[in-house]
Peer 1: 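Take this structure, written in structure tokens, and hold onto it; I'll ask about it next.
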Amino acid sequence: MKNLTLKQLRYFEALARDGRFRRAADACAISQPALSMQIKELEQELGGELFERNAREVKLTAFGQTVALRIRDILRGVDELAELARAARDPFLTRLRIGIIPTIAPYLLPAIINDLNKSFAGIQIEVRETQTSKLVQELAQGQLDTAIVALPVSEPSLAELELFKEEFVLVRRPEDEGKPVPEREALREMRLLLLEEGHCFRDQALSFCKIGQARPREVMEGSSLSTLVQMVSAGIGITLIPEMAVPVETRSAHVSISRFQSPQPSRTIGMIWRNSTPMAKQLQQVSEAVRRSAETMREQYIAR
């Protein structure tokens with residue numbers, strides 16, 4: 001396979017991930033015909049069809065699925081080699097590709113970026129906001145250096161570092177201010193607003209309320225915490241949000257905030273990265289900056 005190139009492997013990975021030539025070509029910054037030609041050359045070099053093509057999308061063949069596993073291993077190894085060289089060349093970290101889940105990003109990210117810029121002069125920060133499952137996948141594939149998520153993730157290939165814990169609060173109509181906070185069993189009988197499936201915060205809220213994954217009739221869904229709080233403001237129901245979201249989400253919503261009695265619902269926020277990364281020492285330093293950001297934000301919230 002003398003003509004096999006690293007670029008072809010990356011083009012294959014992009015097409016396998018995105019499922020459409022146009023989207024994959026945009027991700028690789030090449031034209032669609034050029035991508036198609038490179039994929040055909042790769043298929044000729046490997047001696048078999050990698051994709052099933054139709055007018056709307058492409059799918060991996062059985063051969064393509066087998067090849068995909070090997071190609072991901074190769075690309076991950078190449079990326080880790082690049083990380084190793086980067087860590088040896090610049091132990092003070094000049095580039096960071098960081099992922100973060102949507103129930104943290106709007107509230108903590110500005111402080112994190114500010115603190116990282118202070119701690120690492122000239123650092124280039126690339127942020128990816130998406131759900132935990134996608135962040136784990138992109139970490140495994142070497143597309144991210146680290147991610148900030150709710151723990152545990154429990155992936156054997158990833159290291160987990162706890163940063164801090166935070167409590168959930170109850171969001172109700174303003175006229176409910178001062179009323180007793182319902183027991184968590186009682187929440188099952190109320191119109192509960194939750195994030196749509198795929199968000200770990202949804203699962204945590206369901207667990208606290210002792211509601212199974214089978215959705216009750218009175219549970220309604222939203223795509224973001226902001227949407228949920230605005231729905232409460234409109235009198236549609238009640239919801240739970242993490243403490244860090246309160247200052248941002250209540251600025252433009254007419255709602256009341258209450259704390260639960262013990263045991264209070266909470267989550268553990270932490271950082272994850274590949275066990276094999278040569279950047280572990282630098283990522284430990286990043287974690288300290290993230291922890292400081294969270295502590296400062298919590299102090300400001302308590303002082304309100």
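In this chain, residues are counted from 1 in sequence order.
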Peer 1: Can we say R291 and E288 salt-bridge, meaning some charged N sits less than 4.0 Å from an Asp/Glu carboxylate O?
Peer 2: yes
Peer 1: Exactly one of D145, L116, L161 should register a side-chain contact (heavy atoms from CB on, under 4.5 Å) with V286. Which one does?
Peer 2: L116
Peer 1: Nearest 0.5 Å please: distance from the CZ atom of R97 over to the CZ atom of R95.
Peer 2: 4.5 Å
Peer 1: Do D73 and R70 meet the salt-bridge criterion of a basic N to acidic O distance under 4.0 Å?
Peer 2: no
Peer 1: In the structure I gave you, are the side-chain heavy atoms of F168 and Q204 within less than 4.5 Å of one another anywhere?
Peer 2: yes
Peer 1: Can you tell me how far the CD atom of E166 sits from the CG atom of L108, to the nearest 0.5 Å?
Peer 2: 9.0 Å
Peer 1: Return the CD1 to OG distance between I241 and S224, rounded to the nearest 0.5 Å.
Peer 2: 11.0 Å
Peer 1: T239 vs L225, test: side chain to side chain contact (heavy atoms under 4.5 Å, CB included). Steps then yes/no.
Peer 2: CA-CA 9 Å; T239 194; L225 294 179; over 6 Å; no
Peer 1: Within the supplied structure, the quantity of interest is the number of heavy atoms (other residues, nucleotides, ligands) at a distance under 6.0 Å from R53 CZ; does it exceed 12?
Peer 2: yes
Peer 1: So Q285 and F120, do their side chains get closer than 4.5 Å, heavy atoms only?
Peer 2: yes
Peer 1: Please report the C-alpha distance between V136 and V149 in whole Å, then the side-chain angles of each, then the deciding distance to 0.1 Å, and finally whether the side chain to side chain contact (heavy atoms under 4.5 Å, CB included) criterion is met.
Peer 2: CA-CA 10 Å; V136 169; V149 298; over 6 Å; no
Peer 1: Between E126 and Q124, is the side chain to side chain donor-acceptor pair (under 3.5 Å) condition met? List the steps.
Peer 2: CA-CA 7 Å; E126 301 173 15; Q124 176 187 346; 3.1 Å; yes
Peer 1: Indicate the atoms forming the closest heavy-atom contact of L35 with A25, along with that distance.
Peer 2: CD2-N, 3.5 Å
Peer 1: Is there side-chain contact between L144 and L135, with heavy atoms separated by less than 4.5 Å?
Peer 2: yes
Peer 1: Grouping I, L, V, M, F, W and Y whenever their side-chain heavy atoms are under 4.5 Å apart, do L60 and L69 come out in a common cluster?
Peer 2: no
Peer 1: Do E13 and L75 touch side chain to side chain, with heavy atoms closer than 4.5 Å?
Peer 2: yes
Peer 1: Determine whether L9 and I74 make a side-chain contact, defined as any pair of heavy atoms from C-beta on separated by less than 4.5 Å.
Peer 2: yes
Peer 1: Using the rule that Ile, Leu, Val, Met, Phe, Trp and Tyr join whenever any side-chain heavy atoms are under 4.5 Å apart, tell me whether F12 and M37 fall into a single cluster.
Peer 2: no
Peer 1: Let me know which of R267, R259, K165 forms a salt bridge (charged side-chain N to carboxylate O under 4.0 Å, His left out) with E243.
Peer 2: R259
Peer 1: Please evaluate residues L170 and F260 with respect to the criterion side chain to side chain contact (heavy atoms under 4.5 Å, CB included), reporting the C-alpha separation (whole Å), side-chain torsions for both, the decisive distance (0.1 Å), and the verdict.
Peer 2: CA-CA 7 Å; L170 178 65; F260 291 94; 3.6 Å; yes
Peer 1: Run the ring-ring contact (aromatic ring centres under 6.0 Å, His included) test against F164 and tell me which residues pass, sequence neighbours left out.
Peer 2: none
Peer 1: Looking at R202 and E221, is there a salt bridge between them, counting it only when a charged N and a carboxylate O are closer than 4.0 Å?
Peer 2: yes
Peer 1: Are L240 and V169 side-chain neighbours, meaning at least one heavy-atom pair lies under 4.5 Å?
Peer 2: no
Peer 1: Take atom CD in E138; do more than 12 heavy atoms of anything else shown fall under 6.0 Å from it?
Peer 2: yes
Peer 1: Before you tell me yes or no, could you show the steps for M271 and W273 under side chain to side chain contact (heavy atoms under 4.5 Å, CB included), namely the whole-Å CA-CA distance, both residues' side-chain angles and the distance that decides it to 0.1 Å?
Peer 2: CA-CA 7 Å; M271 280 176 54; W273 57 75; 3.7 Å; yes
Peer 1: Heavy-atom count check: over 12 atoms from other residues, nucleotides or ligands less than 6.0 Å from E162 CD?
Peer 2: yes
Peer 1: Are side-chain heavy atoms of L109 and I104 found at a separation under 4.5 Å?
Peer 2: no
Peer 1: When you check the side-chain N and O atoms of T296 and S293, is any donor under 3.5 Å from an acceptor?
Peer 2: no
Peer 1: Could you tell me if the side chain of E45 sits less than 4.5 Å from the side chain of E41, heavy atoms only?
Peer 2: no
Peer 1: Rounded to the nearest 0.5 Å, how far does CG of L42 lie from CD1 of I71?
Peer 2: 5.5 Å
Peer 1: Please identify which of these residues, K179, R173, R172, meets the salt bridge (charged side-chain N to carboxylate O under 4.0 Å, His left out) condition with E175.
Peer 2: R173
Peer 1: With a 4.5 Å cut-off on side-chain heavy-atom distances among I, L, V, M, F, W and Y, is there a chain of contacts connecting V181 to M190?
Peer 2: yes
